[in-house]
2 protein chains.
Amino acid sequence: MGNRHTSLKDLARELKVSISTVSRALKDHPDISREMKEKVKQLALARKYSPNPLAMGLLKQETRMIGVIVPDLVTHFYASIIAGIESFAKEKGYFILLASSNESYEKEKESIENLLKARVEGLIICMSQETRETSHFKSLLAENIPLVFFDRVCLQDQVSSVTADNTDASKKITRHFAEQGYRRIAFISGPEQLNISRERLAGYIAGLESCQLPVDADLIEQCNLSHDSARQAMNRLLNLPNPPDAVFGINDTVAFAAMKEIKRHQLQIPNDMGLVGFTDEFHATVVDPPLTSITHPTYEMGVEAARLFFDQLNSKQSPKTVTLKTRLVVRESSDKAR
Amino acid sequence: MGNRHTSLKDLARELKVSISTVSRALKDHPDISREMKEKVKQLALARKYSPNPLAMGLLKQETRMIGVIVPDLVTHFYASIIAGIESFAKEKGYFILLASSNESYEKEKESIENLLKARVEGLIICMSQETRETSHFKSLLAENIPLVFFDRVCLQDQVSSVTADNTDASKKITRHFAEQGYRRIAFISGPEQLNISRERLAGYIAGLESCQLPVDADLIEQCNLSHDSARQAMNRLLNLPNPPDAVFGINDTVAFAAMKEIKRHQLQIPNDMGLVGFTDEFHATVVDPPLTSITHPTYEMGVEAARLFFDQLNSKQSPKTVTLKTRLVVRESSDKAR
DNA sequence: GTGAAAGCGCTAACAG
DNA sequence: CTGTTAGCGCTTTCAC
């Protein structure tokens, strides 16, 4: 390999001045003469000098890297959030080090350790589904390492986080169903340790109550957010003695799985069964019929998470909670009127 | 911030020995006494010592980072490939630095520069759609920086690359259509500077010829791989005086766009119009009807790209070309028989 | 067996 | 205005 990068030393030698002179000239230090600055800058350009971030990092104790941990690397949902984080971080001259927990608590802990070993300056995390216990996060706090949660959050009084307005959004969904004439509205939730499950469930119930519809425990199903488990949940709903006439799926995967299962049972969407999801723009329009959904502002969520991160980094502020407004976009899957 | 990590110096001070002793003890240097090793290792563990990669990098001139540039961060296709790269790199103790070209030639060049400034040890790249000119890649080669292309490639005699068996696969598609009784088979291609466009077109034509079907220039459309442009292309096909009865879309986005447009024209898939794509497993099964497609081995492609990268890194070998086998998976969208 | 010292590329305090 | 020096964390050669 050899050293393919020009160093200050190289420049200094070539110009027959000291390293510090070169260093200062490049940063327009007032002490340096105009001509010297000229000469140095010109040579630096010619030799394609760029400061060695390792050396800088060592010196300044900063690596300009942020660790990002997501439950899963391959879904559009996280990819889009990551793109948001990346774009904000890039502006600030930071890079992203990416890791996936694969929805596993153990891998989450492992990823945190690896990223810290790589000397990231802090972490932006979406918790794994399995995570019930938060000591690994608390020790980050104890060590004063900047931390931000997005979408799935915990320790909200101590950690900055970005979420969607889950409760509100879910309430809107239930009310929308009711307005369309659906009466037995089911909800397929996720693991109860996740705030998104709890909040969306709360909204679902609040919505039912505000429409004077009864809350029927049979209509509340749970799954582990995997495709298969969501299909099974939908299947249980369909096999109920008194099945629902509408379903609210807690996220993309669940909504898709539900859709497949409904179709498999030869039921028409939206006439026999209404369906609404909680997805990003892209997926909702790809399926057939197009899915009514709360469009999750994924990219924006990433941007906000990064913004919160830098707030933490620059001045240890008290944790902030950002809640992103969502929109209910009505499409065919819940539009009986058509 | 302060220095939150334990250093060799810290350990040395605590044990009242020199830094070099600690360093040697930790790497089981034969000169060090058994007891000393014990003591050092124990304390290192207790203090959670982990070597500072910046210091190591500076010393050894290696950063253990690979730059990865994709045309787009948010699609499942690239996300899945990135996951493959990441998993292999992780094995080797390397991290990924991710950048997106957003299909722009300028951004691609910019990303290369940024990543080099960050001192990645080499690059794994999928070219932007706009890229026609390869001098920025050539200068990487000139500087002996390891480089691997995937999916979209160029300079194949000088650079290692992984691709799918595009020509073969496309031939299979055309032949499959013919077997199903389709006669006017159209192809929606991408920009001609991309090898995937040229190779898939070649396979499409070879397939037609092997079935004694005529090649009709009207049935070969082009788009820039965006959703809108693909819809327009499909639309042009549908408005032909003698429209096709089957369409082969060059990738995911194109196949989806085509599907929407076909539905908008009230045509039934597969009866009025057959449709086949070139997609990863996930997307093909989400749409309705499920899409017959060449399933693109995305994750595997990432793994192979990473493998080639390390081949390059470890010993400057002559460039290799890996071609991944694909499978034609017949689903409803082209299955007239049902 | 262990320590001292140099050096990777850089900045900043201190000299002159 | 410019140079010298120390030090960020680490490995390695050379001394003892």
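As a basis for the values below, the full set of heavy atoms in this structure was taken, side chains included, without hydrogen atoms, waters or symmetry mates. Quick note on labels: first sequence line is chain A, next is B, and so on, each numbered from 1.
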For the backbone of A:Asp151 and the side chain of A:Asn195, can you confirm whether one donor and one acceptor N or O come within less than 3.5 Å of each other?
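Flag set: sc A:Asn195 to bb A:Asp151 pair under 3.5 Å.
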
Donor-acceptor check, side chain of A:Glu103 to backbone of A:Gln129, threshold 3.5 angstrom: yes or no?
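Answer holds: yes.
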
Map B:Lys16 and B:Leu59 onto DNA chain C by nearest heavy atom, then report which one ends up closer to the 5' terminus.
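Nearest-nucleotide comparison on DNA chain C picks B:Lys16.
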
Which comes earlier along DNA chain C counting from the 5' end, the contact point of A:Leu58 or that of B:Ser18, where each point is its nearest nucleotide?
B:Ser18

Can you tell me which nucleotide in [options] comes closest to the side chain of [X]?
X	options	result
A:Val17	D:dG3, D:dC10, C:dA4	D:dG3
B:Ile32	D:dC10, C:dT2, C:dC10	C:dT2
A:Lys60	C:dT11, D:dT2, C:dC10	C:dT11

Rounded to whole angstroms, how far apart are [atom1] on [X] and [atom2] on [N]?
X	N	atom1	atom2	result
B:Arg13	C:dG3	CZ	C1'	17 Å
B:Leu8	C:dT2	CG	C1'	15 Å
A:Lys9	C:dA6	NZ	C1'	10 Å
B:Asp28	C:dG1	CG	P	14 Å
B:Arg34	C:dG1	CZ	P	11 Å
B:Met36	C:dT2	CE	C1'	8 Å
A:Leu15	D:dG3	CG	P	10 Å
A:Ile19	C:dT11	CD1	C1'	11 Å

Under-4.0 Å salt bridge between [X] and [Y]:
X	Y	answer
B:Lys41	B:Asp28	yes
B:Glu304	B:Arg307	yes
A:Arg119	A:Glu62	no

Is there a donor and acceptor pair, one atom on the side chain of A:Arg24 and one on the base of D:dG3, closer than 3.5 Å?
yes

Within the modelled atom types, does a donor on one side and an acceptor on the other bring the side chain of B:Ser20 and the base of D:dT11 under 3.5 Å apart?
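No, no donor-acceptor pair under 3.5 Å.
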
Does the side chain of [X] get closer than 4.0 angstrom to OP1 or OP2 of [N] through an N or O atom?
X	N	result
A:Lys27	C:dT11	yes
A:Thr21	D:dG3	yes
B:Ser33	C:dG1	no

Could you pick out which residue, B:Asp31 or B:Met56, lies toward the 5' side of DNA chain D when each is mapped onto its nearest nucleotide?
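Upstream on the strand: B:Met56.
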
